[in-house]
Amino acid sequence: MPTIEVYSTLSRAKAPLVTVTPGHVGMYLCGPTVYKPSHIGHMVGPVIFDTVKRHLAFSGYRVTWVVNITDVDDKIIAESAARGTTMRALAEEMTADYLANLAALGVTGIDEMPKATDHIGTIIAFIEGLVAKGFAYASDGDVYFDVARDTDYGKLTNRSVEQMQGEGGATADRKRSAADFALWKRAKADEPSWDSPWGPGRPGWHIECSAMSKAILGETFDIHGGGLDLVFPHHENEIAQSESLHGRPMAAYWMHNGLMQAGSAAGKVGGRPRDGSADDAAAQAATKLSKSTGAEPFKNLLARHRPEVIRLLLLSTHYRSPIHFGEEPLQESARAMEAFERLFTRCERISGKPFHTLSHRDRRTGDAAVAAAGEEIAALRTRFLAAMDDDFNTAIAVASLFDFVRAVNKFIDQHGLESRKPPAELAALEARMLVLRELTGILGLFLGPPRVTAGADEGLVAKLMELVIEIRAHARKAKDFATADLVRQRLGEAGIVLEDRPDGTGWSRKG
RNA sequence: GGCUCCGUAGCCAAGUGGCUAAGGCAGCGGAUUGCAAAUCCGCCAUCGUCGGUUCGACUCCGACCGGAGCCUCCA
């Protein structure tokens with residue numbers, strides 16, 4: 001098995017991936033609180049970790065990937081009340097929205113999606129364990145984690161309890177220290193609640209991840225992920241809970257993805273202004289952002305942009321860096337992506353085989369088969385895989401793919417494969433495309449047939465285009481270029497681009 | 001104020017103590033084309049500023065300037 005380096009926020013360094021169970025990777029990603037339709041920011045983590053899983057699986061690991069759904073929370077309660085529906089109904093609706101978005105982006109690797117409300121018993125047992133060990137205390141129907149008892153509290157974010165000068169929020173009077181956080185919250189009137197040893201209530205925010213990751217992946221698992229915004233307090237508190245109860249590390253690697261930024265008014269998407277009066281500029285920027293393209297419901301974005309383009313854009317930046325997002329980057333990404341798709345259709349014209357139907361390989365069989373694709377391709381593949389092995393550097397991986405496209409186009413040009421098709425060269429071309437298929441598959445790109453933009457009339461349009469092109473071909477043959485150019489120009493105005501190639505004329509839709 | 005992180009070409013974005021600082025978008029020149037489109041070839045950066053360490057730094061250290069995130073359940 002190849003050595004894969006993984007950066008951990010906890011150690012602030014890369015280290016070779018050594019798994020708890022040989023050959024298996026347990027991976028937990030903090031999922032959404034389902035109270036609103038998801039936006040692009042919610043998709044970053046899933047796309048990145050889906051890619052991580054693909055690369056690990058490609059490399060020979062068995063991977064169990066868990067993404068939780070937080071379906072009990074203040075915001076869900078508030079939103080459902082505002083809408084006049086139940087927490088459960090709202091959560092189900094928003095979960096469905098989330099899942100649809102993931103599916104569109106090709107995030108298919110999630111093995112389990114536990115819901116907090118399905119694990120109340122597990123959560124209560126976890127809290128009881130902490131209380132029994134003296135790390136938590138009940139207070140007037142709430143249960144709090146006692147930060148003072150956790151000697152290494154703050155190790156993930158390099159904070160000390162003394163530094164935590166907060167006021168403790170609305171429940172400060174029930175806490176021993178302002179830094180203590182709720183494991184269990186007593187129910188207010190009309191709120192959904194569950195019975196517990198401390199009376200009716202519901203779980204605090206952090207506890208579900210500790211309890212569910214333990215239930216599914218065990219006390220210590222390999223990779224724990226989430227957005228950079230979750231490092232504190234969420235993941236810090238997860239560590240406190242889990243490691244205090246178990247006396248052993250919760251996760252070996254803490255991976256955090258960078259946050260989405262919209263346009264030049266950089267800032268997190270969907271965030272809240274900090275303190276209304278304190279910082280007007282910051283507050284305004286945040287408010288503006290929440291209405292910007294970055295924070296619109298993801299399905300609206302999908303109406304304008306193909307999911308593949310979005311996925312490519314997300315993977316073009318290193319996962320730990322902030323991602324600039326907006327219409328312009330998206331359009332740039334769309335143009336860049338066309339280079340791949342043109343190559344695919346070009347190869348399909350030559351070989352008759354659509355790219356997405358080519359077979360996949362794993363790393364071992366890929367290693368064995370590269371030689372047939374030639375030295376240059378082998379070198380590019382090595383570069384791609386080395387980048388992915390080095391903390392999943394998708395930016396370099398993507399860059400090597402563009403070089404790959406150029407190499408294949410050049411091969412086709414040099415051998416004139418569009419006009420003559422010697423079997424040896426055809427086989428060599430296919431060997432190259434199989435490698436490309438292998439590598440793009442790791443990124444979760446181009447797995448299905450290219451999306452056709454239009455609807456029912458496609459068949460008719462194709463027929464008509466065939467006719468127009470045929471008539472134009474007659475004009476060209478007769479050197480009537482005025483007519484030929486008029487046809488091409490008018491089609492261009494209608495959004496159709498003609499390409500006169502040695503073997504005939506092709507057409508495609510613009511944009 | 002505390003804790004993290006960033007500042008690379010017109011824009012986006014990788015990367016390294018010393019060979020030619022990836023890739024994309026845009027632009028320019030050439031090949032190809034009836035002309036285009038597509039494709040191919042070539043061109044386009046000394047790495048925020050100032051110091052320091054070093055034989056040598058864009059890469060390490062310090063200061064400064066500019067920007068971001070977290071410190072309030074936001075992926």
Side-chain angles (χ1 to χ4, degrees), chain A residues 9 12 29-33 38-46 48 67 70 73-76 154 157-160 162-170 179 181-182 204-206 225-234 236-237 256-261 264 266-272 274-275 282 286 290 312-313 316-318 320-324 328-329 331-339 342-343 345-346 383 387 393-403 405-406 409-410 412-414 418 476 479-482 484-485 488-489 492 497-502 505-508:
Chain A
T9 306
R12 273 168 253 287
L29 175 70
C30 287
T33 300
S38 41
H39 61 252
I40 179 65
H42 298 280
M43 299 294 123
V44 180
I48 286 164
V67 179
T70 300
D73 166 273
D74 289 341
K75 286 177 308 216
I76 309 176
T157 45
N158 197 17
R159 286 160 216 253
S160 61
E162 302 81 70
Q163 268 172 26
M164 240 63 82
Q165 5 96 303
E167 292 160 20
F181 55 91
W205 176 32
H206 318 295
L228 225 27
D229 56 339
L230 292 183
V231 183
F232 190 91
H234 187 52
E236 192 73 78
N237 292 349
H256 291 100
N257 60 268
L259 304 182
M260 215 45 148
Q261 306 197 194
S264 53
K268 70 186 174 187
V269 169
R272 259 194 288 185
R274 277 209 54 163
D275 181 356
S290 66
L312 178 67
L313 178 59
S316 296
T317 304
H318 186 99
R320 275 187 273 121
S321 301
I323 303 171
H324 292 94
E328 196 160 324
Q331 273 158 22
E332 226 178 70
S333 178
R335 275 192 288 270
M337 167 153 283
E338 283 171 18
R342 279 192 222 103
L343 176 66
T345 53
R346 194 179 189 197
R383 184 168 163 235
N393 195 327
T394 55
I396 291 182
V398 167
S400 69
L401 251 27
F402 283 103
D403 288 333
V405 169
R406 184 173 302 116
N409 271 318
K410 197 171 174 178
I412 295 172
D413 284 354
Q414 284 176 344
E418 285 184 293
R476 292 179 71 212
K479 305 256 186 237
D480 178 6
F481 295 122
D485 289 348
R488 188 174 60 203
Q489 191 205 322
V497 183
L498 290 188
E499 293 183 24
D500 295 322
R501 294 185 293 258
T505 298
W507 66 278
S508 61

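Note that the structure is predicted; figures quoted are calculated from it, not measured. Each chain gets a letter, A, B and so on, in the order the sequences are listed, and its residues count up from 1.
- Rounded to the nearest Å, the gap between the C1' atom of B:rA38 and that of B:rC44 is 23 Å.
- One atom, CD of A:Gln414, and another, P of B:rA31, lie 18 Å apart when rounded to the nearest Å.
- Protein atom CZ of A:Arg12 is 12 Å distant from nucleotide atom P of B:rC6, rounded to whole Å.
- Taking atom C1' on both B:rG10 and B:rG34, the two are 35 Å apart, rounded to the nearest angstrom.
- The interatomic distance linking A:Gln489 (CD) with B:rG34 (C1') rounds to 17 Å, in whole Å.
- Every residue two or more places apart in sequence or in another chain that forms a ring-ring contact (aromatic ring centres under 6.0 Å, His included) with A:His206 is listed here: A:Phe181, A:His234.
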Scan nucleotides 9-15 of chain B nucleotide by nucleotide, 5' to 3', and note B when protein non-hydrogen atoms come under 4.0 Å of the base, S if they reach only the sugar-phosphate, - if neither.
--BSSSS
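- Shown here, B:rG66 forms a base pair with B:rC6; the pair counts as Watson-Crick or G-U wobble because both key distances fall under 3.5 Å.
- B:rC58 and B:rG7: their C1' atoms are spaced 12 Å apart (whole Å).
- If you take atom C1' in B:rG52 and the same atom in B:rU4, they sit 25 Å apart, rounded to whole Å.
- Using a cutoff of 4.0 Å between basic side-chain nitrogens and carboxylate oxygens, A:Asp413 and A:Lys410 are not scored as salt-bridged.
- In terms of the side-chain hydrogen bond (donor to acceptor under 3.5 Å, both in side chains) criterion, residue partners of A:Gln489 (sequence neighbours excluded) are, by chain and number, A:Glu493.
- Here B:rC60 sits opposite B:rG52 as a Watson-Crick or G-U wobble pair (both hydrogen-bonding atom distances under 3.5 Å).
- Considering only residues two or more places apart in sequence or on other chains, A:His256 meets the ring-ring contact (aromatic ring centres under 6.0 Å, His included) condition with A:His235.
- The base of B:rC5 has none of its N or O atoms less than 3.5 Å from a complementary donor or acceptor on the side chain of A:Arg320.
- If you measure from atom CZ of A:Arg488 to atom P of B:rC35, you get 10 Å, rounded to the nearest angstrom.
- Spacing of P atoms, B:rC6 relative to B:rA13, comes out at 14 Å, to the nearest Å.
- One interatomic measurement links the two molecules: CG of A:Asn257 to P of B:rA68, which rounds to 20 Å at whole-angstrom precision.
- Contact of A:Arg476 with B:rG34 (side chain to base): a donor-acceptor pair of N or O atoms is detected under 3.5 Å.
- Applying the Watson-Crick and G-U wobble criteria (two distances, each under 3.5 Å), B:rG1 pairs with B:rC71.
- Residue-level contact check: A:Phe481 touches the bases, meaning some heavy atom is under 4.0 Å from a base atom.
- Look at B:rG34: it lacks any Watson-Crick or wobble partner with both distances under 3.5 angstrom.
- The separation of B:rG15 from B:rA21, taken at their C1' atoms, amounts to 7 Å, rounded to a whole angstrom.
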Could you list the protein-to-nucleotides 37-47 of chain B atom pairs, N/O on both sides, closer than 3.5 Å?
unit_1	atom_1	unit_2	atom_2	d
B:rA37	N1	A:Asp500	O	3.4
B:rA38	O3'	A:Arg342	NH1	3.2
B:rU39	OP1	A:Arg342	NH1	2.7
B:rU39	O3'	A:Asn409	ND2	3.3
B:rU39	O2'	A:Asp413	OD1	3.4
B:rU39	O2'	A:Asp413	OD2	2.4
B:rC40	O4'	A:Asp413	OD2	3.2

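- Nucleotides B:rA45 and B:rC61 place their C1' atoms 26 Å apart, quoted to the nearest Å.
- Not counting sequence neighbours, A:Phe481 has no partner by the ring-ring contact (aromatic ring centres under 6.0 Å, His included) test.
- Residue A:Gln261 contributes atom CD, which lies 8 Å from atom P of B:rA68 at whole-angstrom precision.
- With hydrogens and angles ignored, no donor-acceptor pair closer than 3.5 Å exists between the side chain of A:Asn158 and the base of B:rG2.
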I would like to know whether A:Val231 and A:Glu236 meet side chain to side chain contact (heavy atoms under 4.5 Å, CB included); could you show each step before the answer?
CA-CA 6 Å; A:Val231 183; A:Glu236 192 73 78; 6.0 Å; no
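- Among residues two or more places apart in sequence or in another chain, the side-chain contact (heavy atoms from CB on, under 4.5 Å) test is passed with A:Thr505 by A:Ile469, A:Arg472, A:Arg476, A:Leu498, A:Asp500.
- Residues satisfying the side-chain hydrogen bond (donor to acceptor under 3.5 Å, both in side chains) test with A:Arg501, not counting sequence neighbours, are A:Glu499.
- Atom CG of A:Leu230 and atom P of B:rC70 are 10 Å apart (whole Å).
- The nucleotide B:rC43 finds its pairing partner in B:rG27, both defining distances of the Watson-Crick or G-U wobble pair being shorter than 3.5 Å.
- Residues passing the side-chain contact (heavy atoms from CB on, under 4.5 Å) test with A:Ser333, sequence neighbours excluded: A:Val309, A:Leu312, A:Leu313.
- Atom name P, nucleotides B:rA14 and B:rA9: the rounded distance is 13 Å, in whole Å.
- Taking atom CZ of A:Arg383 as the reference point, atom C1' of B:rA22 lies 5 Å away to the nearest angstrom.
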